[in-house]
Amino acid sequence: MKNSVSEFKEKVFAVVKKIPRGSVLTYKEVARRAGKPRASRAVGAVLRTNFNSEIPCHRVIRSDGTLGGYNRGASEKIRRLKSEGYKIV
DNA sequence: CATTTGACGCCAA
DNA sequence: TTTGGCGCCAAAT
């Protein structure tokens with residue numbers, strides 16, 4: 001059974017959960033791994049509705065190198081990325 | 001079921 | 001280089 005819930009959502013979660021510490025992926029990259037290379041917006045839509053702490057959604061940033069948004073406080077996202085060695089352009 | 005919204009991405013001016 | 005506009009997709013209303 002693959003479509004109990006939106007498969008795209010599940011894939012996004014799986015991909016984001018697999019991001020190793022110290023690395024970050026762009027929305028486009030995540031969307032690409034989820035099977036829809038053009039669904040960068042949908043990735044954000046899904047992550048936004050997701051409040052699961054198991055999902056390191058702070059490791060997902062925009063292709064421009066900017067952070068984008070965060071549902072738990074932008075400062076928290078910045079802080080975590082800095083903690084992983086990432087610096088904002 | 002249809003419309004709107006939005007944590008995006010890329011191109012043109 | 002910066003700003004504006006268009007396209008794509010899923011979730012929310």
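In what follows, chains carry the letters A, B, and so on, assigned in the order in which the sequence lines appear, proteins first and then strands, with residues in each chain numbered from 1.
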Please report the interatomic distance NZ(A/K28) to CZ(A/R41), rounded to the nearest 0.5 Å. 15.0 Å

For A/S40 and A/F8, find the nucleotide of DNA chain C closest to each by heavy atoms; which residue's nucleotide sits nearer the 5' end? A/S40

Applying a 4.0 Å non-hydrogen cut-off, can you work out what A/R48 is touching in the nucleic acid: base, sugar-phosphate, or nothing? base

Name of the residue among A/I19, A/V24, A/V12, A/V15 meeting side-chain contact (heavy atoms from CB on, under 4.5 Å) with A/V60: A/I19

Which heavy atom of A/A39 sits nearest to which heavy atom of A/A31, and what is that distance? C-CB, 3.7 Å

Does any pair with a residue in residues 43-69 of chain A pass salt bridge (Lys or Arg N to Asp or Glu O under 4.0 Å), and if so which ones, sequence neighbours excluded? A/R59-A/E84, A/R62-A/D64

Would you kindly compare A/K36 and A/R41 by the position of their nearest DNA chain C nucleotide and give the one closer to the 5′ end? A/R41

Would you mind classifying the nucleic acid contact of A/A42 as base, sugar-phosphate or nothing, using non-hydrogen atoms under 4.0 angstrom? base

Under the side-chain contact (heavy atoms from CB on, under 4.5 Å) rule, what do A/L67 and A/H58 come out as? Steps first, then yes or no, please. CA-CA 8 Å; A/L67 302 182; A/H58 60 268; over 6 Å; no

The Watson-Crick or G-U wobble partner of B/dG9, with both key distances under 3.5 Å, is C/dC6

Candidate pair A/I61 and A/Y86, rule side-chain contact (heavy atoms from CB on, under 4.5 Å), full reasoning: CA-CA 11 Å; A/I61 60 171; A/Y86 180 78; 3.6 Å; yes

Please list, in 5' to 3' order, the outermost nucleotides of DNA chain C lying under 4.0 Å from any heavy atom of chain A. C/dG7 to C/dA12

Watson-Crick or G-U wobble partner of C/dT1, both distances under 3.5 Å: none

Can you tell me the base-pairing partner of C/dA11? Count Watson-Crick or G-U wobble geometry only, both distances below 3.5 Å, and say none if there is no partner. B/dT4

Would A/Y27 and A/L47 satisfy side-chain contact (heavy atoms from CB on, under 4.5 Å), going step by step from the backbone distance to the final call? CA-CA 10 Å; A/Y27 290 100; A/L47 292 178; 4.2 Å; yes

Test log, rule side-chain contact (heavy atoms from CB on, under 4.5 Å), inputs A/R32 and A/S40: CA-CA 8 Å; A/R32 189 180 193 119; A/S40 50; over 6 Å; no

Considering only heavy atoms of chain A and a distance under 4.0 Å, specify the first and last nucleotide of DNA chain B in 5' to 3' order that meet this criterion. B/dG6 to B/dC10

